[in-house]
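Chain letters run A, B, ... following the sequence lines, proteins first, then strands; residues in each count from 1. Since the model is a prediction, treat every value here as computed from it, not as a measurement.
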Amino acid sequence: MPITPRTLKGFRDYLPAAAMPREWIVETARRVYRSYGFRPIDTPALEYLEILTGKGSDETDKQLYRFTDHGGRDVGLRFDLTVPLARFVAQHAQEVGLPFKRYHIASVWRGENTQAGRYREFMQCDFDTVGTTALTADIEMVLVVNDLLTALGISAFTIRVNHRAVLNGLLEKLGLAGKSAAVLRALDKLGKIGAEGVTAEMAKTAETTEQQNAALLSLASLQGDNTTILAELKKLVAGDETGERGVTELHELVAATAAAGVPAGRVQLDPSIARGLDYYTGVVIETQLDELPGIGSVASGGRYDNLASTFTKQELPGVGASLGLDRLLAALEELGRLPAVSTPADALICLFDADRRDAYLALAAQLRAAGTGVEVYPEAKKLGKQLQYADKQGFAAAVIIGQSEFDAGEAQVKHLASGESATVAYDGRDANAIAAEIRRAVDAAAVDHG
RNA sequence: GUGGCUGUAGCUCAGCUGGUUAGAGUGCCAGAUUGUGAUUCUGGAUGUCGUGGGUUCGAGUCCCAUCAGCCACCCCA
């Protein structure tokens, strides 16, 4: 009796058509991160349970995949890349040096309930700068997000920025400093449940008074251009040192990103952005696609004061963000913005004559050396079958060389999209003419796909 | 974790109040003088009706459980 092939809830297979755009995004993220000097690291998927639970809330504890390994150790699968980073830095700060800029693209696991775009195994693309409190790093975080989405071919997006110090400053003034987590979590839902919903939740979870609610909502509902919001924020937190510091930093960040060339309007102050996570202490950002606001933030992050307090006495402040790969992928697909890639190679070399196999493989080597990815059909099936395969796999071109071509010292390059064939010279050694013709087919196909 | 909706050929779905050998489109396979695909024509195969129990003379159709997907809450990427 065969075993039914199936996958666990929240875990997925990626077929080539899905894996290719995914890799494209990952490669783009990698390229952008590296262009800022972020360095790659990797850490084990499995950690000692105490590493993962040390800092986590009850919520993350519940979502944790945990078990006892064969040696009787309590272990768990990482549920984000931040905790492993904290452990990593506490363990290796001496070796890597500070400030430490790293990126980490890897899978994480959370045993929570699934939904569209929410899985139990998903990939995070984090980048962080650890070991400095300088606002430069916060500014850079915004620049990286801007560059990354731009590199992915997206132009209509808004990076919403807020500052925890501004929120905390107001909370201090209102005497709610001890209830910040509950209040912020409620405020974060403003866009979703509205002012009344937020009021109700705050009253319930943080026992806020009417005056407190009114003050908090007046802050979170602030709208307008950055200059207007900064002026209003300044008034609201006046007299509170924490809040004033936050406003100053927001002011500097807005100016700096503009100076660095981020288009006007793309960085938008939004006092309602709180981010539910407790550990944020400074700048927080969320990134919204203007054409698809409903999908939520596709890149989020912020500043934290002390990354690794559970692992070391050394204070390790930092700032970083994470790209929501799966969410972004879903969004790009919905917007029809995914590049139409279906095979990583550009052309298929038809294996016309089984006796000439080595000649075809030699041609493939020559084309690869010329920078053209090619696949050689493995067996001498009917030409029609081979072309059918080439078409189905989405190759831009098929290279056909049979007896008559070999005799004439030429090759046929068929453009699969148009059906037209070009005959180019090929003496068995110099494949540059073929490579050039394949390139033409690839370019033509790219134009077709917009 | 709580509540709701859904689950029929590879894919998208039809199958009225339970009744004989479960259908369509698309895809797939084969062929239309054996060196040219995707369009056309002809022919063909395909389903333990998610899985396991139960009710019934009889269940794709009703009940329960389970697995998986979707939606809301929660939380977040």
Among the nucleotides rC73(B), rG31(B), rG37(B), which one has an atom lying closest to any side-chain atom of Lys385(A)?
-> rG31(B)
Sticking with atom P, work out how far rC74(B) lies from rG3(B), rounded to a whole angstrom.
-> 16 Å
Expressed as a whole number of Å, how far does the P atom of rA9(B) sit from that of rA65(B)?
-> 24 Å
Using distance alone, with no hydrogens and no angle criterion, decide if Asp407(A) and Gln403(A) have a side-chain donor and acceptor under 3.5 Å apart.
-> yes
Determine the contact category for Glu420(A): base if any of its heavy atoms lies under 4.0 Å from a base atom, sugar-phosphate if only primed atoms, P, OP1 or OP2 are that close, otherwise nothing.
-> nothing
Could you give the distance separating rG37(B) and rC28(B) at their P atoms, to the nearest angstrom?
-> 15 Å
Charged tip of Arg110(A) within 45° of Phe122(A) ring normal and under 6.0 Å | no
Sugar-phosphate, base or nothing in reach of Arg110(A), heavy atoms under 4.0 Å | base
Lys382(A) side chain, from C-beta outward: closest of rG31(B), rC70(B), rC76(B) = rG31(B)
Cationic tip of Arg102(A) above Phe127(A) ring, under 6.0 Å, 45° of axis = no
Between Gln388(A) and rU36(B), is there a side-chain N or O to OP1/OP2 distance below 4.0 Å?
-> no
Record whether the side chain of Gln386(A) comes under 3.5 Å of the base of rU36(B) through a donor-acceptor pair of N or O atoms.
-> no
Check every strand shown and say whether Gln124(A) touches a base, only sugar-phosphate, or nothing at a heavy-atom separation below 4.0 Å.
-> sugar-phosphate
Counting only Watson-Crick or G-U wobble pairs whose two distances fall under 3.5 Å, which nucleotide matches rG35(B)?
-> none
Proximal nucleotide (of rC67(B), rG37(B), rC74(B)) relative to the Arg118(A) side chain | rC74(B)
In whole Å, what separates the C1' atom of rG18(B) from that of rU55(B)?
-> 12 Å
Flag if over 12 foreign heavy atoms under 6.0 Å of CD, Glu196(A) | no
Aromatic ring of Phe352(A) stacked on base six-ring of rG35(B), 5.5 Å, 30° | no
Under a 3.5 Å limit on both distances, the Watson-Crick or wobble mate of rU55(B) is none
Distance between the P atoms of rA45(B) and rG25(B), in whole angstroms?
-> 15 Å
Determine the Euclidean distance between corresponding C1' atoms of rU46(B) and rG10(B); express it in Å to zero decimal places.
-> 10 Å
Sugar-phosphate only, base, or nothing, as touched by Lys189(A) at under 4.0 Å among non-hydrogen atoms | sugar-phosphate
How is Lys414(A) classified with respect to the nucleic acid when contacts are heavy atoms under 4.0 Å: base, sugar-phosphate, or nothing?
-> base
Could you work out which one of rC74(B), rU2(B), rC75(B) sits closest to the side chain of Gln115(A)?
-> rC74(B)
Check whether the side chain of Gln63(A) and the base of rG1(B) form a donor-acceptor pair under 3.5 Å.
-> no
Spacing of Leu149(A) atom CG relative to rA77(B) atom C1', expressed in whole Å = 14 Å
Base, sugar-phosphate alone, or nothing: which one does Gly301(A) contact when heavy atoms must sit under 4.0 Å apart?
-> nothing
If you look at every strand shown and take non-hydrogen atoms under 4.0 Å, does Tyr119(A) touch a base, only sugar-phosphate, or nothing?
-> base
Rounded interatomic separation in angstrom, taking NZ from Lys9(A) and P from rG7(B) = 16 Å
Taking any strand in view, what nucleotide pairs with rC73(B) in a Watson-Crick or G-U wobble way, both distances under 3.5 Å?
-> rG1(B)
Just checking, is any N or O donor in the side chain of Asp290(A) or Thr158(A) under 3.5 Å from an acceptor N or O on the other one?
-> yes
Qualifying residue, where the test is side chain to side chain donor-acceptor pair (under 3.5 Å) with Tyr304(A) and the options are Thr82(A), Asp128(A), Thr281(A) = Asp128(A)
Does the rA77(B) base have a donor-acceptor partner in the side chain of Glu112(A) within less than 3.5 Å?
-> yes
Below 3.5 Å, does any donor atom in the side chain of Thr114(A) face an acceptor in the base of rG69(B), or the other way round?
-> no
Watson-Crick or G-U wobble partner of rA14(B), both distances under 3.5 Å = none
Counting any heavy atom closer than 4.0 Å, what does Ser421(A) reach on the DNA or RNA strands: base, sugar-phosphate only, or nothing?
-> nothing
Do the side-chain N or O atoms of Arg6(A) get closer than 4.0 angstrom to the phosphate oxygens (OP1, OP2) of rG50(B)?
-> no
Can you tell me, in whole Å, how much space there is between the C1' of rC67(B) and that of rG53(B)?
-> 14 Å
Given the side-chain rings of Phe11(A) and Tyr119(A), with only the six-membered ring counted for Trp, is the space between their centroids under 6.0 Å?
-> no
Ser297(A) side-chain N/O to Ala299(A) backbone N/O, donor-acceptor pair under 3.5 Å | yes
Want to settle it: does Gly402(A) or Asn113(A) sit nearer the 5' end of RNA chain B, counting the closest nucleotide to each?
-> Asn113(A)
Please measure how far the P atom in rC75(B) lies from the corresponding atom in rC63(B), and state the result in whole Å.
-> 34 Å
Do Arg327(A) and rC76(B) have a side chain to base donor-acceptor pair shorter than 3.5 Å?
-> yes
